[in-house]
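All remarks here apply to the structure that follows.
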Amino acid sequence: MTTVRTRIAPSPTGDPHVGTAYIALFNLCFARQHGGQFILRIEDTDQLRSTRESEQQIFDALRWLGIEWDEGPDVGGPHGPYRQSERGEIYKKYAGELVAKGHAFPCFCSAERLDQLRAEQTANKETPRYDGHCIHIPPAEAQQRIAAGEAHVVRMKVPSEGVCVVPDMLRGDVEIPWDRMDMQVLMKTDGLPTYFLANVVDDHLMDITHVLRGEEWLPSAPKLIKLYEYFGWEQPKLCYMPLLRNPDKSKLSKRKNPTSITFYERMGFLPQAMLNYLGRMGWSMPDEREKFTLAEMIENFDVQRVSLGGPIFDLEKLSWLNGQWLRELSVETFAAEVQKWALNPEYLLKIAPHVQGRVETLSQIAPLAGFFFSGALELDAKLFEHKKLAAEQVRQVMQLILWRLEALRQWEKDKITACIQAVVEHLELKLRDAMPLMFAAITGQASSVSVLDAMEILGPDLTRFRLRQAIELLGGVSKKETKEWEKLYAAIP
């Protein structure tokens with residue numbers, strides 16, 4: 001009997017996302033329920049955006065939740081390497097095999113030609129797709145051009161008519177017409193694979209038997225199925241999980257809901273409550289009880305109990321559930337959790353140097369530094385009234401700084417300062433014009449300890465969350481402003 005093997009393959013390109021944890025949890029439960037193995041693989045072929053810091057955050061966040069894997073980059077295993085960036089030669093070999101069999105072809109089209117093609121197709125109300133321009137180049141000529149160093153990608157051939165039947169464990173057979181499929185790029189000009197090739201090759205070589213992934217990947221499933229067929233490999237069983245949604249039913253996004261797992265850790269949620277809540281996303285226990293442990297979820301797990309309605313990720317409901325968990329702790333355990341969360345020596349030692357020179361009695365610490373031990377702050381809009389900037393400019397400065405900080409991966413004081421500096425210089429302002437706004441948003445006070453030190457200590461999650469809170473308090477950012485300000489943001493050096 002085949003051992004069940006599931007996997008999760010996150011990209012280390014940002015904060016560890018609750019959607020990653022949700023999919024990881026269901027893959028883990030499915031594997032454990034069947035006595036199988038759960039693998040963690042890192043999809044880091046996006047060389048510009050992938051970082052080792054982000055990868056480490058994924059490991060730490062999943063472990064904080066209590067999700068452990070049997071094989072992965074940090075624990076090893078018989079199917080390594082588990083980072084796609086270390087498997088380049090493997091992908092080249094299989095891409096070459098597809099070209100040799102006539103299932104793929106080198107494409108030499110320039111970015112300019114492809115942009116023009118897309119613009120024409122869009123203007124004619126056609127589905128933008130590759131037109132097969134390079135498909136008929138004789139293999140000998142293609143090889144000569146490659147040998148001469150001409151830039152190219154490798155594209156897969158796809159049928160242009162008929163339908164592909166995608167067997168989904170939750171929906172049954174889903175029919176998707178082939179004319180919706182593009183001739184997918186499999187290998188990029190930099191010699192690295194795209195998601196499609198790497199996924200199929202890795203899942204096959206790592207003996208993955210079941211793939212549980214988000215339903216946003218369902219429309220492109222035919223390309224994966226066709227690749228399995230081209231290679232002559234048995235495809236894993238496919239299961240497309242419903243997407244997490246905001247309370248307004250839109251796809252979960254950080255603009256409307258904090259999406260970073262580490263945010264919830266910093267806010268003082270218990271990992272077991274967070275895992276319990278993610279387990280309730282589109283799934284329920286047979287007896288419908290709301291509070292359950294990971295072990296209870298695994299014991300009772302049945303993927304057919306997953307409901308296809310988009311599960312709502314509701315912060316209020318999560319807070320309520322966390323409260324249930326907190327109230328059931330013994331007083332000693334509760335006190336220990338509080339200590340571990342923020343009253344631990346490591347955190348206090350970061351804060352102490354900034355407070356020590358500003359107080360005359362220990363009782364003055366709480367009013368001065370209480371914001372270090374808070375999540376959301378009670379903000380006063382009057383704090384954001386500015387002598388020099390109009391109300392719209394205040395929101396603009398804060399939004400541009402927020403976007404810059406969202407892209408920052410190494411959270412250090414000098415780099416935080418550089419982010420703010422880059423924005424104010426581009427807007428032809430001074431640092432002193434922006435700092436009062438930072439004080440107000442981050443500390444809830446007109447002045448306090450050094451706000452840049454405070455931002456470093458609070459960490460990226462709470463800092464960004466509080467900036468978002470402040471912007472919302474001042475009226476938020478309209479769609480029109482977002483478009484205009486994004487152009488402005490793109491021009492910041």
Side-chain angles (χ1 to χ4, degrees), residues 15 18 61 64 254-271 273-274 277 314-327 329 334-359 361-384 398 401-402 405-406 411 413 416 420 435-474 476:
D15 299 322
V18 289
W64 172 72
K254 65 186 172 198
R255 298 248 165 116
K256 297 183 179 177
N257 241 327
T259 56
S260 166
I261 302 165
T262 40
F263 165 80
Y264 294 95
E265 183 180 359
R266 288 291 286 113
M267 284 290 278
F269 285 88
L270 294 174
M274 189 76 198
Y277 188 67
D314 183 348
L315 201 47
E316 281 183 30
K317 184 75 185 190
L318 169 58
S319 299
W320 171 85
L321 186 62
N322 197 64
Q324 303 298 307
W325 278 88
L326 285 175
R327 282 187 273 285
L329 299 174
F334 177 76
E337 287 292 346
V338 174
Q339 211 168 359
K340 190 166 71 179
W341 168 65
L343 302 181
N344 56 74
E346 188 189 355
Y347 190 52
L348 291 174
L349 275 171
K350 287 179 186 173
I351 298 164
H354 307 288
V355 174
Q356 193 173 5
R358 291 170 173 264
V359 297
T361 64
L362 297 176
S363 58
Q364 290 172 343
I365 294 171
L368 176 71
F371 69 89
F372 280 115
F373 306 96
S374 302
L377 299 177
E378 290 289 327
L379 295 176
D380 182 355
K382 287 198 182 102
L383 288 172
F384 297 92
M398 289 168 69
I401 290 171
L402 172 59
L405 291 174
E406 281 175 346
W411 197 259
K413 183 182 173 181
I416 296 166
I420 300 171
M435 293 322 287
L437 304 175
M438 294 293 105
F439 265 108
I442 303 305
T443 72
Q445 301 165 28
S447 66
S448 180
V449 304
S450 154
V451 73
L452 292 163
D453 287 306
M455 290 163 81
E456 183 180 47
I457 292 165
L458 284 165
D461 293 293
L462 279 185
T463 298
R464 295 166 187 156
F465 173 66
R466 288 182 186 174
L467 273 171
R468 274 184 220 118
Q469 259 197 312
I471 294 164
E472 284 306 310
L473 173 77
L474 300 175

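For clarity, every value in this text was computed on a predicted model and none was experimentally measured. These values consider heavy atoms only, across backbone and side chains, with no hydrogens, waters or symmetry-generated copies.
- With Tyr264 as the fixed residue, the ring-ring contact (aromatic ring centres under 6.0 Å, His included) test singles out one of Phe269, Phe465, Trp64, Trp341: Phe269.
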Practice problem: Would you please test Met274 and Val18 for side-chain contact (heavy atoms from CB on, under 4.5 Å) and show each step? | Solution: CA-CA 10 Å; Met274 189 76 198; Val18 289; 3.7 Å; yes

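- For the pair Leu318 and Ala273, the tightest heavy-atom approach, listed with the atom from each and the gap, is CD1-O, 4.3 Å.
- Side-chain atoms of Asn344 come within 3.5 Å of backbone N or O of Lys340 as a donor-acceptor pair.
- One finds the CG atom of Asp453 at 13.0 Å from the CD1 atom of Ile442 (value rounded to the nearest 0.5 Å).
- The two residues Ala441 and Leu467 make their nearest non-hydrogen contact at CB-CD2, 4.0 Å.
- Remark: the backbone N or O of Phe373 is not paired with any side-chain donor or acceptor of Tyr347 at under 3.5 angstrom.
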Exercise. Would you please test Met398 and Phe384 for side-chain contact (heavy atoms from CB on, under 4.5 Å) and show each step?
Key: CA-CA 11 Å; Met398 289 168 69; Phe384 297 92; 3.8 Å; yes

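- Panel note: side chain Gln364, backbone Val359; no donor-acceptor pair is recorded below 3.5 Å.
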Quiz prompt | Check against side-chain contact (heavy atoms from CB on, under 4.5 Å), Met438 and Thr443 | solution = CA-CA 8 Å; Met438 294 293 105; Thr443 72; over 6 Å; no

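- With hydrogens and angles ignored, the 3.5 Å screen pairs no side-chain donor or acceptor of Asp15 with any backbone N or O of Thr259.
- Across every non-hydrogen atom of Val355 and Ala369, the tightest pair is CG2-CB, 3.9 Å.
- Between Leu458 and Phe371, the closest side-chain pair of non-hydrogen atoms falls below 4.5 Å.
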Exercise. Start with the C-alpha distance between Met455 and Ile420, add both sets of side-chain angles, then the distance that settles side-chain contact (heavy atoms from CB on, under 4.5 Å), and finish with yes or no.
Key: CA-CA 12 Å; Met455 290 163 81; Ile420 300 171; 4.2 Å; yes

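- Residues Lys413 and Ser450 come closest through the heavy atom pair NZ-OG, 4.4 Å.
- Note: Leu377 CG to Arg466 CZ = 4.0 Å, rounded to the nearest 0.5 Å.
- Under the 3.5 Å distance criterion, the side-chain polar atoms of Arg464 are matched with a main-chain donor or acceptor of Leu405.
- Between Leu462 and Ser374 the shortest heavy-atom distance is CD1-O, 3.8 Å.
- When all heavy atoms of Ala376 and Gln469 are compared, the pair lying nearest together is CB-NE2, 3.2 Å.
- Arg266 places no side-chain N or O within donor-acceptor distance of the main-chain N or O of Ile261, the cut-off being under 3.5 Å.
- Here NE2 of His354 is found 11.5 Å from CG of Leu368. Values are rounded to the nearest 0.5 Å.
- With rounding to the nearest 0.5 angstrom, the CG atom of Asn322 is 4.5 Å from the CG atom of Leu270.
- The main-chain N or O of Asp314 is found under 3.5 Å from a side-chain atom of Tyr277 such that the two form a donor-acceptor pair.
- The distance from atom CZ of Arg468 to atom CD of Glu472, rounded to the nearest 0.5 Å, is 10.0 Å.
- If you take CD1 on Ile416 and CH2 on Trp411, they are separated by 4.5 Å, rounding to the nearest 0.5 Å.
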